[in-house]
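Since the structure comes first, as structure tokens, the remarks are kept for the end.
Sequential numbering from 1 along the given sequence is applied to the chain's residues. Note that the structure is a prediction, hence the values are computed from the model and not measured.
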Amino acid sequence: MATAATVSAAPQTAMAYQPPTRQRVDSIDVLRGLVMVIMMLDHTRDYFSTAAFQFDPTDLEKTSVVLFLTRWITHYCAPTFFFLAGTGAYLRRARGVTAAELSSFLVSRGIWLIFLELTIVRYGISGDLTPHGRYLTQTIWALGWSMLALAALVHLPLKAIGTIGITMVLAHNAFDGLPVANCGPKQPLCGAGDILLRFLHVPGPIVFGPDVGVLAMYPLIPWIGVMGCGYVFGKLYTLDADERRRLLVRIGTGITALYVVLRATNLYGDASKWSVQTRGAAFTVMSFLNVTKYPPSLLYLCMTIGPGILLLAFLERERRGWLGSALVNFGRVPMLFYLLQWLFAHGTAYVVYTIAGKPTDALYLLRDSPAPAILVRSGFSLPVVYAFWIAGVLTLYPICRWYAGVKKRRRDWWLGYL
């Protein structure tokens, strides 16, 4: 992570500037658009891949190299999205918004995202219009709560925000051994302490009553820290471009090097240790890369955010071609794309399953798991997954391009919420 001192003490030369009110940073939009498109690959795989219904694609005993990499590359999505959400908040502040105004916006947007997670996103993921007492809290839920936390943090000095964010990211793995009761479906109720731990640090099921349960997948502590670090990181975008690029390379290289050193030594930062694999060198490399996402370990965050920052440095120098322009359009409307890609992937899967004569039971993700005989018949090969992923990206692009144009031309208040 970039230290608070590194960013806060960054040289303020005569060429330093404050972003104009309506300026967007294209390199940030390109990176955000890239990870959003990659994210759609993961969610398409969830519904279209036969293996998705059989085993975890990162299980080195069962996976293949291509399947592992298909899942692994999508690890870059959530950390980049959270980090850049914090950066975007700082840029809003740098453009003249007061701390109180920024805090108010973050509160309202955070509440809106939590609502979306429990309604539209839940429907997109599960395929059920009614919840039946079953909920899933993941990316948008954690993003909303992180914004609520950042709404309080923005009133603090930048160094304090950086210190809090970095501490959350660095130290949370030290508490991996905290005991949490098995609040699974067969347990009557979860205690208040266990519920708090599930939401803050240890992912897993929570039972609130006989017919109400939640699968908490995105513990809040590390994600709040990631957004806080991203907020402090945003100060780099008030510096001269050459100075910023130098700092981006140093910070990105440092974070990536920290990952390599800690991972190589198996000292700290991830509950899953790497080891030499009997299936060959490729699987040994995969073991080295196979870090923990739930909750996001320190090494998981270093492995993803470090290269992401290096990519930002590269994107500042690279001329934007047709691909960069397309990614900018996705990156400027991330929430619209996020909602639509669930609906496309899930809805298309239902249609294709029906045409192919496959059972659709497995597509209702929050219902009871279908019998193994049904799961075996679900899904398709990886080439089919990639084909529908590409089809989805191409289908959603005109919509996102149109809406990005609307957001560029207009400044209606509600545009900031979609």
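For the pair Tyr338/Val121, a side-chain contact is recorded, criterion being any heavy-atom separation below 4.5 Å from C-beta on. Between Leu148 and Ile114, some side-chain heavy-atom pair lies under the 4.5 Å cut-off.
The distance between the ring centers of Tyr294 and Tyr300 does not fall below 6.0 angstrom. Here the two rings, on Tyr47 and Phe380, have centers that are 6.0 Å apart or farther.
Atom OH of Tyr268 has more than 12 heavy atoms from other residues, nucleotides or ligands within 6.0 Å. Environment of CZ in Arg401: sparse, with no more than 12 heavy atoms of neighbouring residues, nucleotides or ligands closer than 6.0 Å. In the displayed structure, Tyr123 atom OH is contacted under 6.0 Å by at most 12 heavy atoms of other residues, nucleotides or ligands.
Identified under the salt bridge (charged side-chain N to carboxylate O under 4.0 Å, His left out) test for residues 280-289, with sequence neighbours left out: none. Residue pairs meeting the salt bridge (charged side-chain N to carboxylate O under 4.0 Å, His left out) criterion with at least one partner in residues 63-90, sequence neighbours excluded, are Asp42-Arg71. For residues 261-287, no pair satisfies salt bridge (charged side-chain N to carboxylate O under 4.0 Å, His left out), with sequence neighbours left out.
Looking at Arg246 and Asp240, no side-chain N of the basic residue comes within less than 4.0 Å of a carboxylate O on the acidic one, giving no salt bridge.
Under the salt bridge (Lys or Arg N to Asp or Glu O under 4.0 Å) criterion, Arg32 pairs with Asp29, sequence neighbours left out. Scanning for ring-ring contact (aromatic ring centres under 6.0 Å, His included) contacts around Phe199 gives Trp141, with sequence neighbours left out. Annotation: side chain to side chain donor-acceptor pair (under 3.5 Å) contacts of Glu117 (sequence neighbours excluded): none. The ring-ring contact (aromatic ring centres under 6.0 Å, His included) search around Phe115 returns Trp112, not counting sequence neighbours. Residues forming a ring-ring contact (aromatic ring centres under 6.0 Å, His included) with Trp389 (at least two apart in sequence, or on another chain): Tyr386. Applying the side chain to side chain donor-acceptor pair (under 3.5 Å) rule to Tyr350 yields no partners; only residues at least two apart in sequence or on another chain are considered. Not counting sequence neighbours, the partners of Phe388 by the ring-ring contact (aromatic ring centres under 6.0 Å, His included) test are Phe48. Applying the salt bridge (Lys or Arg N to Asp or Glu O under 4.0 Å) test to Arg134 and every residue at least two apart in sequence or in another chain returns Asp368. Residues satisfying the salt bridge (Lys or Arg N to Asp or Glu O under 4.0 Å) criterion with Arg367, sequence neighbours excluded, are Asp128.
When the options Thr80, Thr87, Leu315, Val328 are evaluated for a side chain to side chain contact (heavy atoms under 4.5 Å, CB included) with Ile28, the one that passes is Thr87. The only member of Thr98, Val97, Val154 that meets side chain to side chain contact (heavy atoms under 4.5 Å, CB included) when paired with Ser103 is Val154. For the side chain to side chain contact (heavy atoms under 4.5 Å, CB included) with Leu310, the qualifying choice from Thr256, Leu248, Ile251 is Thr256, the only one to do so.
Side-chain atoms of Arg332 do not come within 3.5 Å of backbone N or O of Ala404 as any donor-acceptor pair. Judged by distance alone, the side chain of Ser64 and the main-chain N or O of Leu67 form a donor-acceptor pair under 3.5 Å. Looking only at distances, a side-chain donor or acceptor of Lys358 sits under 3.5 Å from a matching main-chain atom of Arg377. Side chain of Thr284 to main chain of Val276: no donor-acceptor pair is present (N/O by atom type, distance under 3.5 Å, no hydrogens or angles).
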**Prompt:** Can you check side-chain hydrogen bond (donor to acceptor under 3.5 Å, both in side chains) on Thr304 and Tyr259, steps first, answer last?
**Reply:** CA-CA 9 Å; Thr304 52; Tyr259 163 74; over 6 Å; no
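For the residue pair Ser104/Glu101, the side-chain donor-acceptor check at 3.5 Å is not satisfied. Side chains of Arg45 and Ser49: no donor on one and acceptor on the other come within 3.5 Å. With no hydrogens or angles considered, no side-chain donor-acceptor pair links Asp46 and His346 at under 3.5 Å.
Using cut-offs of 30° and 60° for the angle between ring planes, the Phe175 and His201 rings count as perpendicular.
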